[in-house]
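Okay, structure first, notes after.
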Amino acid sequence: MKEYNNAIVEIENGTAVVTLNRPQALNALNDELMSEINDIFTDLNQDNSVKVIILTGAGEKSFVAGADIKEMKDLNADEGRRWAEKGETTFLKIEQCEKPVIAAINGFALGGGCEIAMACDIRIAAENAKFGQPEVGLGIIPGFGGTQRMSRLVGRGMAKYLIYTANMIKADEAYRIGLVQKVVPLASLLEEAKSLAQTIIKKSQTAVCFAKDAINRGAEMSMANAMAYEAYIFGMCFGGEDQTEGMNAFVTKAKPNFTGK
Ligand code: CAA
């Protein structure tokens, strides 16, 4: 596996754990780290040994404390737009990665940190996690997809409440509003994420990958087009071996042995 200056990638049992590793800046996203995330997700998407990806932050205090304010503070308007575009492109790479991505959120998930978590498929938070979009307190708006993904995940009213006030919310409130799917003790966060990864890995990877595609692409379409797309993908499932394996296993009361074909 490649070495990175600001991230660690470990692969075991079909799961890649990507740890964002700038603890001196609470894992804030600087330009170099964003480039590294881009490279990592390009590689992991192509690596057949990887079925599920977990994204987490180094240390116990912070998942990601946002985009790097020190790197951002002297940008002009044009540079600011390009900075946002880089973050948006990077996070789209995560969202569009063909494998499920689980965010294991340990501590602060602020600004770009909350935004990178929202680009993941499923979010598990440690009890110490804190979420927020503090940007308006810095004279900017969320620029790595936050205005769009937050509204889509928790509804426009709650997104506006969080973004206009810059209020931080704790893990239990994030769970209540549907921003995270599970809250667990910090000590068991990675184990919970890995266990969830194994649950997914036991299923048909082709079907999981198709489901991700149908959910994500469908969200960009009208209901009628999304239904048509779902039916098309549903049909594609019948062209593969996993559908035969899964349904034969049901009928013969055996455990399916999926190959992802
Ligand atoms: N960028 C750069 N450095 C950061 C950082 C960030 N987003 N967040 C923390 N750090 C650095 C601090 O500057 C500090 O470094 P020094 O020791 O060199 O001063 C170090 O990390 C530790 O941080 P604190 O001393 O501040 O730790 P704390 O426990 O007192 O506070 C915190 C923790 C509440 C998270 C606080 O660090 C904080 O408010 N950070 C900024 C959060 C924020 O505003 N994020 C949004 C950024 S804008 C954005 O993300 C825009 C976008 O959508 C693209």
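Counting starts at 1 for both ligands and their atoms, in listed order. Small disclaimer: the values here were computed from a predicted structure and weren't measured.
- The main-chain N or O of Asp121 is never found under 3.5 Å from a side-chain atom of Lys212 such that the two would form a donor-acceptor pair.
- With no hydrogens or angles considered, a side-chain donor-acceptor pair links Ser49 and Asp47 at under 3.5 Å.
- If you check which protein heavy atom lies closest to atom 39 (O) of ligand 1, you get Leu110 CD1, 4.7 Å.
- Summarising the geometry of Pro256 relative to Gly246, their closest heavy-atom pair is CB-CA, 4.2 Å, with the distance given to 0.1 Å.
- For the pair Arg152 (side chain) and Gln148 (backbone), a donor-acceptor distance under 3.5 Å is present.
- At least one donor-acceptor pair under 3.5 Å links the side chain of Arg123 to the backbone N or O of Ala117.
- Checking Gln133, Met72, Glu115 against atom 53 (O) of ligand 1, the nearest heavy atom belongs to Glu115.
- Short contacts between ligand 1 and Gly111, defined as distances under 4.0 Å to a heavy atom of the residue, involve ligand atoms 46 (C), 50 (O).
- The shortest contact between atom 4 (C) of ligand 1 and any protein heavy atom is with Ala25 O, 3.9 Å.
- The presence of a protein heavy atom under 4.0 Å from atom 36 (C) of ligand 1 is ruled out.
- Among Met34, Lys130, Glu135, Glu71, the residue whose heavy atom sits closest to atom 52 (C) of ligand 1 is Glu135.
- Closest heavy-atom contact between Gly143 and Ala84: O-CB, 3.3 Å.
- Taking the six-membered ring for Trp and thresholds of 30 and 60 degrees, Phe91 and Phe144 have ring planes more than 60 degrees apart, a perpendicular arrangement.
- In terms of modelled atom types and a separation under 3.5 Å, the side chain of Gln198 and the main chain of Lys194 share no donor-acceptor contact.
- By the definition of a contact as any protein heavy atom under 4.0 Å away, atom 16 (P) of ligand 1 is in contact.
- Closest to atom 42 (C) of ligand 1 among all protein heavy atoms lies Ala65 O, 3.3 Å.
- For ligand 1, the polar-atom distance check finds an N/O of Gly143 within less than 3.5 Å of one of the ligand's N/O atoms.
- A salt bridge links Glu173 with Arg176: the closest approach of a Lys/Arg side-chain nitrogen to an acidic carboxylate oxygen falls below 4.0 angstrom.
- For atom 10 (N) of ligand 1, a protein non-hydrogen atom is found at a distance below 4.0 Å.
- Residue contacts with ligand 1: Pro142 is placed with no nitrogen or oxygen under 3.5 Å of a nitrogen or oxygen of the ligand (distance criterion only).
- Distance remark: protein heavy atom present below 4.0 angstrom from atom 28 (P) of ligand 1.
- No donor-acceptor pair closer than 3.5 Å links the side chain of Asp242 to the backbone N or O of Ser204.
- When non-hydrogen atoms are compared, ligand 1 lies under 4.0 Å from the side chain of Leu138 (C-beta onward) but not from its backbone.
- Across every non-hydrogen atom of Lys202 and Phe258, the tightest pair is O-CD1, 3.6 Å.
- For atom 20 (C) of ligand 1, the nearest protein heavy atom (residue, atom name, distance) is Gln24 O, 3.5 Å.
- Relative to atom 18 (O) of ligand 1, the option among Lys61, Lys73, Lys70, Lys86 with the closest non-hydrogen atom is Lys70.
- Protein heavy atoms come within 4.0 Å of atom 48 (S) of ligand 1.
- Looking only at protein heavy atoms, the nearest one to atom 26 (O) of ligand 1 is Leu26 CD1, 5.0 Å.
- Put simply, the side chain of Glu115 gets close to the backbone of Gly146: a donor and an acceptor are under 3.5 Å apart.
- Looking only at protein heavy atoms, the nearest one to atom 44 (O) of ligand 1 is Pro134 CG, 3.5 Å.
- Annotation for ligand 1: atoms under 4.0 Å from non-hydrogen atoms of Phe144 are 53 (O), 54 (C).
- Scanning all protein heavy atoms for the shortest distance to atom 1 (N) of ligand 1 gives Ile69 N, 2.9 Å.
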